[in-house]
Q: 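Submitted below is the structure of interest, expressed as structure tokens.
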Amino acid sequence: MLLRTADTADIDTLMTWFPDAASIRHWSGPDFDYPFDRDSFHRDCKWRDIDSYCLESHGTLQGFGQVYPRDNRVNLARLVIHPQARGSGLGQQLISALIREGQQTLGLDEAGLFVYRSNAAAWCCYRAAGFDVAPMPEDVDLGPEARYLVRAIRPEQAAS
């Protein structure tokens with residue numbers, strides 16, 4: 001698996017992974033247009049404004065995620081695995097790779113992310129990756145089912 005910077009073609013492919021409004025909301029939160037078109041999808045996922053990465057295997061896009069600093073943490077955002085590869089462990093690989101990338105570029109010792117409780121697969125993936133529920137930042141209102149999860153970044157995770 002290779003983690004690399006996302007490009008326009010990746011975002012075009014990513015659009016095909018979201019068949020309905022619920023899947024978009026689980027992935028990106030309430031501020032994403034649905035139905036979307038190419039222009040609105042590119043705009044709303046903010047891939048040019050936030051460090052955006054793809055997990056690739058043999059030239060095929062397998063995952064996507066974003067990294068940015070928030071509240072003195074490496075914040076992971078818009079994490080998604082190719083629909084046909086979900087449940088294969090790639091989510092853990094994507095999280096580890098993004099945390100390494102974020103820790104190396106940002107130099108922070110904790111990671112955080114937002115998730116909806118109704119997104120059971122993501123919830124289980126993040127909990128298995130060592131994330132625990134933390135107080136929701138005061139400046140965030142994603143609705144009552146949203147949770148903020150955090151975890152420490154151990155030195156061996158940042159180096160590997």
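Remember, it's a predicted structure, so these values are computed and weren't measured experimentally.
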Q: If two hydrophobic side chains count as joined below 4.5 Å and joins carry through other members, does Leu98 share a cluster with Val80?
A: no
Q: Which heavy atom in Gln92 sits nearest to a heavy atom in Ala128, and how many Å separate them?
A: NE2-CB, 3.8 Å
Q: Take Asp31 and Lys46 through the side-chain contact (heavy atoms from CB on, under 4.5 Å) test and state the conclusion after the steps.
A: CA-CA 11 Å; Asp31 296 328; Lys46 302 176 184 176; over 6 Å; no
Q: For Arg127 and Phe131, indicate whether the former's side chain and the latter's backbone hold a donor-acceptor pair under 3.5 Å.
A: yes
Q: Is it true that the side chains of Ser40 and Asp37 contain a donor and an acceptor less than 3.5 Å apart?
A: yes
Q: Could you tell me which non-hydrogen atom of Cys45 sits nearest to which non-hydrogen atom of Arg78, and how far apart they are?
A: O-NH1, 3.5 Å
Q: Do Asn75 and Tyr148 have side chains that get closer than 4.5 Å, going by heavy atoms?
A: yes
Q: Group every Ile, Leu, Val, Met, Phe, Trp and Tyr by side-chain heavy-atom contacts under 4.5 Å, then state whether Val133 and Met136 land in the same group.
A: no
Q: Which heavy atom of Arg38 sits nearest to which heavy atom of Met15, and what is that distance?
A: CA-SD, 3.7 Å
Q: Considering the options Asp39, Asp44, Ile24, which one meets the side chain to side chain contact (heavy atoms under 4.5 Å, CB included) requirement together with Asp33?
A: Asp44
Q: Between OH of Tyr68 and CG of Leu76, what distance do you get to the nearest 0.5 Å?
A: 9.0 Å
Q: Working to the nearest 0.5 angstrom, can you tell me the gap between Phe32 CZ and Arg25 CZ?
A: 14.0 Å
Q: When rounded to the nearest 0.5 angstrom, what is the spacing between OH in Tyr53 and CG in Leu2?
A: 12.5 Å
Q: Using a 3.5 Å distance criterion without hydrogens, assess whether the side chain of Arg86 forms a donor-acceptor pair with backbone atoms of Ile81.
A: yes
Q: Determine whether Val150 and Val140 fall in the same hydrophobic cluster, where Ile, Leu, Val, Met, Phe, Trp and Tyr are linked whenever their side-chain heavy atoms lie under 4.5 Å apart.
A: yes
Q: For Phe18 and Tyr34, what are the C-alpha separation, side-chain angles and deciding distance, and is it a side-chain contact (heavy atoms from CB on, under 4.5 Å)?
A: CA-CA 10 Å; Phe18 303 100; Tyr34 190 89; 5.8 Å; no
Q: Under 4.5 Å between any side-chain heavy atoms of Phe41 and Asp12, yes or no?
A: no
Q: Give, for atom CE of Met1 and atom OG of Ser96, the distance between the pair rounded to the nearest 0.5 Å.
A: 12.5 Å
Q: Please report the interatomic distance CZ(Arg70) to CG(Leu108), rounded to the nearest 0.5 Å.
A: 13.0 Å
Q: His26 vs Tyr116 aromatic rings, parallel, tilted or perpendicular, using cut-offs 30° and 60°?
A: tilted
Q: Look at the side chain of Arg151 and the backbone N and O of Ala129, then say whether any donor-acceptor pair between them is shorter than 3.5 Å.
A: yes
Q: Answer yes if Leu113 and Leu14 sit in the same cluster of Ile, Leu, Val, Met, Phe, Trp and Tyr residues linked by side chain heavy atoms under 4.5 Å apart, and no otherwise.
A: no
Q: Within the side chain of Thr16, is there an N or O that forms a donor-acceptor pair under 3.5 Å with the backbone of Thr13?
A: yes
Q: Assess whether side-chain contact (heavy atoms from CB on, under 4.5 Å) is satisfied between Asp71 and Glu110, documenting all intermediate values.
A: CA-CA 10 Å; Asp71 297 329; Glu110 287 187 318; over 6 Å; no
Q: Does Arg73 pair with Asp109 as a salt bridge, N-O distance under 4.0 Å?
A: no
Q: If Ile, Leu, Val, Met, Phe, Trp and Tyr residues are connected whenever their side-chain heavy atoms lie under 4.5 Å apart, and connections chain through other members, are Val115 and Val67 in the same group?
A: yes
Q: Are more than 12 heavy atoms, taken from residues, nucleotides or ligands other than Asp141, located less than 6.0 Å from that residue's CG atom?
A: no
Q: Looking only at heavy atoms, what is the nearest atom pair of Asp10 and Leu61, with distance?
A: O-CD2, 3.7 Å
Q: Specify the closest pair of heavy atoms between Ala6 and Ile11, including all atoms of both residues, with the distance to one decimal.
A: CB-CD1, 4.4 Å
Q: Would Trp17 and Phe64 count as a ring pair (Phe, Tyr, Trp, His ring centres under 6.0 Å) if you check the C-alpha gap in whole Å, the side-chain angles of each, and the deciding distance to 0.1 Å?
A: CA-CA 11 Å; Trp17 294 3; Phe64 174 87; 8.3 Å; no
Q: Can you check whether Leu94's main-chain N or O pairs, donor with acceptor, with Gln62's side chain at less than 3.5 Å?
A: no
Q: When rounded to the nearest 0.5 angstrom, what is the spacing between CD1 in Ile153 and CG in Leu106?
A: 8.5 Å
Q: Apply the test side-chain contact (heavy atoms from CB on, under 4.5 Å) to residues Asp132 and Leu149: give CA-CA distance (whole Å), side-chain angles for both, the deciding distance (0.1 Å), then the verdict.
A: CA-CA 5 Å; Asp132 292 311; Leu149 304 180; over 6 Å; no
Q: How close do Leu90 and Ala85 get, counting heavy atoms only, and between which atoms?
A: CD1-CB, 3.6 Å
Q: Give a yes or no on whether Gln84 atom CD has more than 12 heavy-atom contacts from other residues, nucleotides or ligands under 6.0 Å away.
A: no
